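To start, the structure under review is shown below, and the notes come after it.
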Amino acid sequence: MLDIRLIRESPEFVRERLATRGTELAQLIDQVLEIDSERRRLETQLQQLSAERNRLSKQIGMLRSNNEPSSAPEAKVRAMGEEIAGLTQAVAAADESQRNLLLGIPNLPHPNATIGADASANPEVRTWGEKPVFNYQPLDHVDLGARLGLFDLERAAKISGSGFVCFTNLGARLQRGLIQFLLDLHTIEHGYVEICPPHLVRRECMVGTGQLPKFEEDAYGLEEGQTFLIPTAEVPLTNLHREEILSYRELPKYFVAHTPCFRREAGSAGRDTRGIIRIHQFDKVELVKVTRPETSYEELEKLTADAENVLKILGLHYRVIELCTGDLGFSMSKTYDLEVWAPGQGRYLEVSSCSNAEDFQARRMNLKFKDSDGKNRFCHTLNGSGTALARLYVALVETCQQPDGSILIPEPLRDYVRVKEIR
RNA sequence: GGUGAGGUGGCUGAGUGGUCGAAAGCGGCGCUUUGCUAAAGCGUUGUACUCUUUAUCGGGUACCGAGGGUUCGAAUCCCUCCCUCACCGCCA
């Protein structure tokens, strides 16, 4: 949520920055401003009336305790009642529509962000490693998986529908080993606190991180939309301290969690239909940071490096791209995507998205900290996949395949998978 | 799912219709005293919004789990919901 004061005081600035996202938002800003001034007009009026009523009520109390007649001020207050009730309602209505409008406005892109319309304008920041060379046509994960019995897509479809996977045997163990490896890496080496959060969250948490109210069709809702299956652990982790005032001494906070992620993929039917690249339920190890505003961009670089470290240790070639203004997610000011090379696909797969939401989410969830000068300020929140399992899995088996169709488990994973090869 | 108890400021905890944003204590902050520490005394100490202001200061409104109701007036009375605790039932 943007700060209404910023919009009020610098509407041009806000309009320009939002325009770089490429969607038409200027009109929304006009609407917010209109409601804001109306809201304040009503509120001022209400407050003046309330002050008058309080003054009279106090007088009535004093008159009564002195056994003096109080019917005159009582009549006055009674006469005010209806107007106050009406104004109270009007203010509440204006408040609500202002908030609803604000909840639908995306975050401002970082001032240094590359201006661009879509993903094709995303600049490459760096690459690591090189595409592995095969002297044969590498198999993709679907063929490898079928050959080695790593997962069963047909039976998953039978029990759950299309877009689900059922890992089997060593394929399941590889998945479990990867999870363990990732959690160990981020807790022991990178200093994150491990959290095992609920996978079902209240509606307001989804609003807090920005999935709602705009993108309800992407989420699995239960109990008439009051709770939701999490689309990412970003939701429970970032909301952990919602409606709290932390001490500046506690910041930054680092959280890591492994959870399944549930997504309807409403807008992407027909895309990535083969294999496990885009499915309705996948596992992910997620990193979340809550920081002071002064350090959040520094922390974003560190968080991205922590995610990159996963791919480095596993020896997977990847590139880091920065999302341009038109490709930036709703809640984010700046995002780096990590894309890992998948030889069987012949393309890069997004396995991590590392973002700084600045105070956008904190404002929605009322997450503050008390600074050293005693002032309450909104925290900055960051998150990044560390990493998405299904796609990491794809890149790993496709990269580590051998000519005979077996998979050589990378050295750092062997203690977790307990085999050297899957054949 | 059932029954009972309860949710008040950073914490403990008073307050059962009026002058209560809320006693008292603890904690925090400031000052004084003091060789240091400790202790004591005095003062101060919530959040949001809004008006005024360059800003501070200041004025006002709201907030005693949330929402609604009764009333001239609600922390206090009534209703609904949420949450916590205890016990019972069912179940991993």
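Every chain is numbered from 1 and lettered A, B, ... according to where its sequence line falls, protein lines coming before strand lines. Just so we're clear, the structure is a prediction, and the values are computed from it rather than from any experiment. These numbers come from the heavy atoms of this one structure, side chains and all, not from hydrogens, waters or symmetry mates.
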| query | Of Glu52(A) and Leu56(A), whose closest RNA chain B nucleotide lies nearer the 5' terminus? | reply | Leu56(A)

| query | With sequence neighbours left out, which residue pairs that include part of residues 89-116 of chain A fulfil the ring-ring contact (aromatic ring centres under 6.0 Å, His included) condition? | reply | His110(A)-Tyr297(A)

| How would you list, by chain and number, every residue that makes a side-chain hydrogen bond (donor to acceptor under 3.5 Å, both in side chains) with Arg414(A), sequence neighbours excluded? | Glu411(A)

| task | Can you tell me, in whole Å, how much space there is between the P of G6(B) and that of A14(B)? | result | 12 Å

| message | Under 4.0 Å, counting only non-hydrogen atoms across every strand here, what does Asp95(A) touch: a base, just sugar-phosphate, or nothing? | response | nothing

| Is it true that Arg363(A) and Asp359(A) make a salt bridge, defined as a side-chain N closer than 4.0 Å to a carboxylate O? | yes

| P gap between A86(B) and A24(B), integer Å | 34 Å

| query | Checking all strands, does Arg5(A) fall into the base, sugar-phosphate, or nothing category for heavy-atom contacts under 4.0 angstrom? | reply | sugar-phosphate

| request: Would you indicate what Arg55(A) reaches in the nucleic acid, counting non-hydrogen atoms under 4.0 angstrom: base, sugar-phosphate, or nothing? | output: nothing

| message | Between G15(B) and A74(B), how far apart are the two C1' atoms, rounded to whole Å? | response | 13 Å

| Taking the same atom, C1', in C49(B) and in G21(B), what whole-Å distance lies between them? | 16 Å

| With rounding to whole Å, what would you report as the distance between U16(B) and A75(B) at their P atoms? | 13 Å

If you look only at distance, which donor and acceptor atoms sit under 3.5 Å apart when one is on a side chain in residues 207-214 of chain A and the other is two or more places apart or in another chain?
from      : atom 1 : to        : atom 2 : distance (Å)
Thr209(A) : OG1    : Cys205(A) : O      : 3.0
Thr209(A) : OG1    : Gln211(A) : OE1    : 2.6

| task | Would you please enumerate the stems RNA chain B participates in, each stem being three or more consecutive Watson-Crick or G-U wobble pairs with both distances under 3.5 Å? | result | B:1-7 with B:82-88, B:10-12 with B:24-26, B:27-32 with B:40-45, B:46-51 with B:58-63, B:65-69 with B:77-81

| message | If the condition is side-chain hydrogen bond (donor to acceptor under 3.5 Å, both in side chains), which residues does Thr335(A) pass it with, not counting sequence neighbours? | response | Ser355(A)

| task | Could you name each residue pair satisfying salt bridge (Lys or Arg N to Asp or Glu O under 4.0 Å) that touches residues 330-340 of chain A, not counting sequence neighbours? | result | Arg319(A)-Glu339(A)

| Results of side-chain hydrogen bond (donor to acceptor under 3.5 Å, both in side chains) for Thr227(A) - residues two or more places apart only | Glu223(A)

| query | When we call it a touch if two heavy atoms are under 4.0 Å apart, what does Arg363(A) touch: a base, just sugar-phosphate, or nothing? | reply | nothing

| message | Between C77(B) and C85(B), how many Å separate the two C1' atoms, rounded to a whole number? | response | 26 Å

| field | C79(B) and A62(B), which share atom name C1', separated by this distance in whole Å | value | 23 Å

| request: Provide the start and end nucleotides, 5' to 3', of the part of RNA chain B that has atoms under 4.0 Å from heavy atoms of chain A. | output: G18(B) to C83(B)

| task | For Lys58(A) and for Asp36(A), find the nucleotide of RNA chain B with the closest heavy atom, then tell me which residue's nucleotide is more 5'. | result | Lys58(A)

| task | Fit a plane to each ring of His141(A) and Phe151(A), take the angle between them on a 0 to 90° scale, and name the class: parallel (under 30°), tilted (30 to 60°) or perpendicular (over 60°). | result | tilted

| request: Between C42(B) and U34(B), how far apart are the C1' atoms? Round to whole Å, please. | output: 16 Å

| Can you name the ring pair (Phe, Tyr, Trp, His ring centres under 6.0 Å) partners of Tyr220(A), sequence neighbours left out? | none

| message | Over all strands shown, is Lys375(A) touching base, sugar-phosphate only, or nothing at heavy-atom distances under 4.0 angstrom? | response | nothing

| Within the 6.0 Å centroid threshold, strictly below: Phe378(A) and Phe369(A) | no

